[in-house]
Amino acid sequence: MPAPVPRQRTLPAAESGQVHAASMNSGPTEGTPEPGTTAPHTAEHPAISTTGSTANGGAPKGGSEGAPCAEAETRTDIDSDTDTANRTGKARTRITPDSAEAASTAPTNLTLLLIEDDPAGSPIVPTLLDRSGKPIRVRTARNLTEAERLLTDDVHCILLDLALPAPGSRPVNGANGGGGDEGDDELAVLKHVLELAPRHAVLALTASGDAERGAEAVRVGAQDYLFRDELDSRLLSRAIRYAVERKRSDSAERRLAEGRLHARENRRLERGLLPTPLLDGSPLHFAARYRPGRSRALLGGDFYDVVRTPDGTVHAMIGDVCGHGPDEAALGVELRIAWRALTLAGLSGDELLGTLQQVLEHERAHDEIFATLCTVDISPDGREAGLCLAGHPSPLLVRPGQPARLLPYDDNGPALGLLPDARWPRTRVDLGTEWSLMLYTDGLIEGRVGDSGERLGQDGMVGMVRRQLTEGLRGEELLRAAVNEVRALNGGELTDDVALLLLDRVPQP
């Protein structure tokens, strides 16, 4: 603690670090009424102040919990300058190298809105300068109606007299600026201002013996509180800057918290939109891998699903909406849900794909949007399947003792949404007694291979999977290894969405 000196002043800590001393110009302050005259109550005028050294953390004298801490100012010579200015309306010039340096990097002038019932008759606000030496502009309003009219976007801070009557209240015992009816909320005027100006910093002005009311004002939402009869230029200038920066910090923190909350909600929503396979009663094993191309997203334009119908047939599907933004992700979810509903309703093959194309045409944002699709229906005994392709890469079939190979894709039909009245032939495929079937989207095969710039392609993907199978990888391990190796070959993150679906049939011993 610094040693006490005569005429100590308690100051709110406006910033952490150094605060430069600002200059004081001699001469009468613009906007200050001369004796015998009255200044207009809505006048905007520049003001001048001095500032001393900064305390790390601080609050006005009498501040309590919820308000910033206080620190005594030990610059007696500046106190004398301020006292002279307060008594005479004039200030001595004190220019320092620090103030000149601050002025060279100063932001836009600050603007203060004073809300006080008689600003001309009781000059609460002394002359003010901001940290850079620029005058702080002051607007005055006698009531909340005038304040609302003067509260434009260039106002940075509001200085509110808590003694101002709240809207609709009447003064007590005829006192000027009384608190309204005795049963009224004593902070009603502050709450009204906070509703009126939610983005502005607010300083509460109260009597010197009413620290409890000032602390309550901070708890309600003000950035700080000041004592009316202890104001001087240094105290008020620093309090204004502190309040403005604290409001900016609070607003940024609130936006960050809201952004995190929205991100968590979006992730929960996206996670809930991923499919839950319906394979109860089926001997097939299921695995899937999904990696959206969007940064920090859980869902992209790729989609997949697997369901088992009452007759024992297992239906699998994988698709890709062109693009990989949130709109494409939403459309992919719609198509997946529509596919599941149509499949459980008994549709398959050409009839099912034709209906999905109608859904796409009604739900897409513009006519250029299309979707590729691969559907497989596996017989109840698991030995054969029907394959329909709508502009989509053919699945990969793996059987013991044989190299992995692509299923036939000669009858590949057009992508959904490209041609009206299109047809999608169904190809019958013999699977055998033991097999693995991998469905995938083109994000897996369109990654680059090293510095050559060539794409991996289907042939490269087949060779990669064959090698991984010889290494003993199966199920989820195989899918994870495939995605990781494709990313490594690409030299970084893939730009397109990637989805893989694997069905395995292993005969029971």
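Heavy atoms only: backbone and side chains are in, while hydrogens, waters and symmetry mates are out.
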With sequence neighbours left out, the residues meeting side-chain hydrogen bond (donor to acceptor under 3.5 Å, both in side chains) with D302 are T441
Between the side chain of E384 and the main-chain N/O of V429, is any donor-acceptor distance below 3.5 Å? no
Under the salt bridge (Lys or Arg N to Asp or Glu O under 4.0 Å) criterion, do R426 and D377 qualify, and how do the steps go? CA-CA 10 Å; R426 179 178 180 271; D377 55 276; 2.6 Å; yes
Can you tell me how the ring of H315 sits relative to the ring of W339, calling it parallel under 30°, perpendicular over 60° and tilted otherwise? perpendicular
Residue pair L110, C157: steps toward the side chain to side chain contact (heavy atoms under 4.5 Å, CB included) verdict: CA-CA 8 Å; L110 293 175; C157 184; over 6 Å; no
Quick check: do R289 and E476 have side-chain heavy atoms less than 4.5 Å from each other? no
Salt bridge present between E471 and R467 (N-O < 4.0 angstrom): yes
Does any non-hydrogen side-chain atom of L352 lie less than 4.5 Å from one of W424? no
Value for CE (M464) from CG (L456), rounded to nearest 0.5 Å, stands at 6.0 Å
Got a donor-acceptor contact below 3.5 angstrom from the W435 side chain to the G382 backbone? yes
Kindly say whether P275 contributes a backbone atom to a donor-acceptor pair with the side chain of Y304 at under 3.5 angstrom? no
T152 versus R139, side-chain donor and acceptor atoms under 3.5 Å: yes
What I want to find out is whether R480 reaches E477 closely enough, with some N-O distance under 4.0 Å, to be called a salt bridge. no
For G447 and L494, work out which heavy atoms get closest and say how close. CA-CD2, 4.1 Å
d(R254 CZ, K247 NZ) to nearest 0.5 Å is 6.0 Å
For a side-chain contact (heavy atoms from CB on, under 4.5 Å) with H156, tell me which candidate from I240, L112, L113, T111 qualifies. T111
Salt bridge check: are R213 and E216 linked by an N-O gap of less than 4.0 Å? no
So, taking the atom named CG in L389 and the one named CG in D410, what distance separates them when rounded to the nearest 0.5 Å? 10.0 Å
For the OG1 atom of T276 and the CG atom of D305, what is their distance to the nearest 0.5 Å? 8.5 Å
List the residues meeting salt bridge (Lys or Arg N to Asp or Glu O under 4.0 Å) with R383, not counting sequence neighbours, and say none if there are none. none
Is there a donor-acceptor pair closer than 3.5 Å between any side-chain N or O of Y242 and the backbone N or O of S237? no
